Trainee: 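Could you have a look at this structure, given as structure tokens, before my questions?
In this chain, residues are counted from 1 in sequence order. Please read all numbers here as calculations on a predicted model, not as lab measurements.
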Amino acid sequence: MAGSPERLSAHFTVAEMIESGTARRDPGLWRRQCAPPAEVEKAMRRLAVNTLQPLRDLFGWPILVNSGYRCMELNRRVGGVSGSQHCRGEAADIRLAAGWTIDRGQEGLPLERVFDDTGGRVESLTPNGWLFAVAAALIEQLDVDQVIHEHGDRFGAPAWVHISHGPRRRRNLLAIGDWTGGVYRSCASLADMARDAER
């Protein structure tokens, strides 16, 4: 399994979903990380096919996985929450590859919806802000369980986006970062989150 090029979808592989610098530094941990159970592999495939690949297709640009599957020990070492969806292969922390600009991927993106939901402040969205906003706007269509705007200093500029696909289909929209006081903030919609960020 280690470094397996096996494709989960057209643009996502098992190798990138299990990659971890922390695990690689410990041979025993790396062996455990490279041997996800069969149900985890199935969950990774569902996440890639139903959520990650459609996002990649919409943006027409590479989406990089910062952290995908984590075995329990790896999750503990990196400070992941107990019961993390990463441990079940249901979640990935993602970001757009460098070089994406809005003019490179307008076709198919819900531009009017994002414009309306952010109160017209689309010029303040970074590429990862766009990634978050599109995932939030299309939360039903992308079959997202949770999408989280993670660790930015302001709304529209996350360091990365946590996204999950799982059986609960909660459609949770959350944010954490300097602008939330370092605590998770839940909102009913992207528009509500944008309004809350102004307060």
Trainee: Minimum heavy-atom separation for Gln146 to Leu174, with atom names?
Mentor: OE1-CD1, 3.3 Å
Trainee: Any chain of hydrophobic side-chain contacts (each under 4.5 Å) joining Val134 to Phe115?
Mentor: yes
Trainee: Is there a side-chain contact between Val65 and Asp93 in this structure, where contact means two heavy atoms from C-beta onward sitting under 4.5 Å apart?
Mentor: no
Trainee: Do Phe12 and Arg56 come within less than 4.5 Å of each other through their side chains, counting heavy atoms only?
Mentor: yes
Trainee: Of Arg169, Arg170, Arg168, which meets salt bridge (charged side-chain N to carboxylate O under 4.0 Å, His left out) against Asp143?
Mentor: Arg169
Trainee: How about Val14 and Arg7: do any of their side-chain heavy atoms sit closer than 4.5 Å?
Mentor: no
Trainee: Considering only heavy atoms from C-beta outward, does the side chain of Met193 approach that of Phe132 to under 4.5 Å?
Mentor: yes
Trainee: Is there a donor-acceptor contact under 3.5 Å from the side chain of Arg77 to the main chain of Ala23?
Mentor: no
Trainee: Look at the side chain of Gln33 and the backbone N and O of Cys71, then say whether any donor-acceptor pair between them is shorter than 3.5 Å.
Mentor: yes
Trainee: Do any pairs count as a side-chain hydrogen bond (donor to acceptor under 3.5 Å, both in side chains) and have a residue in residues 179-188, sequence neighbours left out, and if so which ones?
Mentor: none
Trainee: If you compare all heavy atoms of Val147 against all heavy atoms of Ala135, which two are closest, and at what distance to 0.1 Å?
Mentor: CG2-CB, 3.8 Å
Trainee: Keeping the roles fixed (side chain from Arg88, backbone from Ala43), state whether a donor-acceptor pair exists under 3.5 Å.
Mentor: no
Trainee: I'd like to know if the side chain of Ser164 pairs up with that of Gln85 as donor and acceptor (distance under 3.5 Å, no hydrogens or angles considered).
Mentor: yes
Trainee: Checking the side chain of His86 only, and the main-chain atoms of Tyr69 only, is there a donor and an acceptor separated by less than 3.5 Å?
Mentor: no
Trainee: Are any non-hydrogen side-chain atoms of Met17 and Thr13 less than 4.5 angstrom apart?
Mentor: no
Trainee: Taking Arg113 first and then Asp116, would you say they form a salt bridge - that is, a charged N and a carboxylate O separated by under 4.0 Å?
Mentor: no
Trainee: Please assess Glu41 against Arg45 for the test salt bridge (charged side-chain N to carboxylate O under 4.0 Å, His left out), listing each intermediate value before the final yes or no.
Mentor: CA-CA 6 Å; Glu41 286 189 55; Arg45 187 172 306 282; 5.6 Å; no
Trainee: So, for His149 and Phe155, is the gap between ring centers shorter than 6.0 Å?
Mentor: yes
Trainee: Restricting to non-hydrogen atoms, name the atom on Leu8 and the atom on Val49 that form the minimum distance, rounded to 0.1 Å.
Mentor: O-CG2, 3.4 Å
Trainee: Under a 4.0 Å threshold between the charged nitrogen and the carboxylate oxygen, would Arg24 count as salt-bridged to Glu19?
Mentor: yes
Trainee: What is the minimum heavy-atom distance between Leu190 and Leu173, and which atoms define it?
Mentor: N-CD2, 3.2 Å
Trainee: Please round to the nearest 0.5 Å and tell me the distance separating atom CD of Gln141 and atom CG of Asn50.
Mentor: 13.5 Å
Trainee: Do Leu74 and Leu29 make a side-chain contact, defined as non-hydrogen atoms from C-beta onward lying under 4.5 Å apart?
Mentor: yes
Trainee: Ignoring hydrogens and geometry, is there a side-chain-to-backbone donor-acceptor pair from Thr51 to Leu142 under 3.5 Å?
Mentor: yes
Trainee: Of all heavy-atom pairs between His11 and Glu16, which one has the smallest distance, and what is that distance?
Mentor: O-OE2, 3.3 Å
Trainee: Can you pull the side-chain hydrogen bond (donor to acceptor under 3.5 Å, both in side chains) pairs that have at least one residue in residues 118-139, sequence neighbours excluded?
Mentor: Arg121-Glu198
Trainee: Could you tell me whether the side chain of Ile176 reaches within less than 4.5 Å of the side chain of His151, counting heavy atoms only?
Mentor: yes
Trainee: Using a 3.5 Å distance criterion without hydrogens, assess whether the side chain of Arg46 forms a donor-acceptor pair with backbone atoms of His165.
Mentor: no
Trainee: Do Arg32 and Glu73 sit within salt-bridge range, that is, some charged N less than 4.0 Å from a carboxylate O?
Mentor: no
Trainee: Kindly give the heavy-atom pair with the smallest separation between Ala92 and Leu52, and that separation in Å.
Mentor: CB-CD1, 4.4 Å
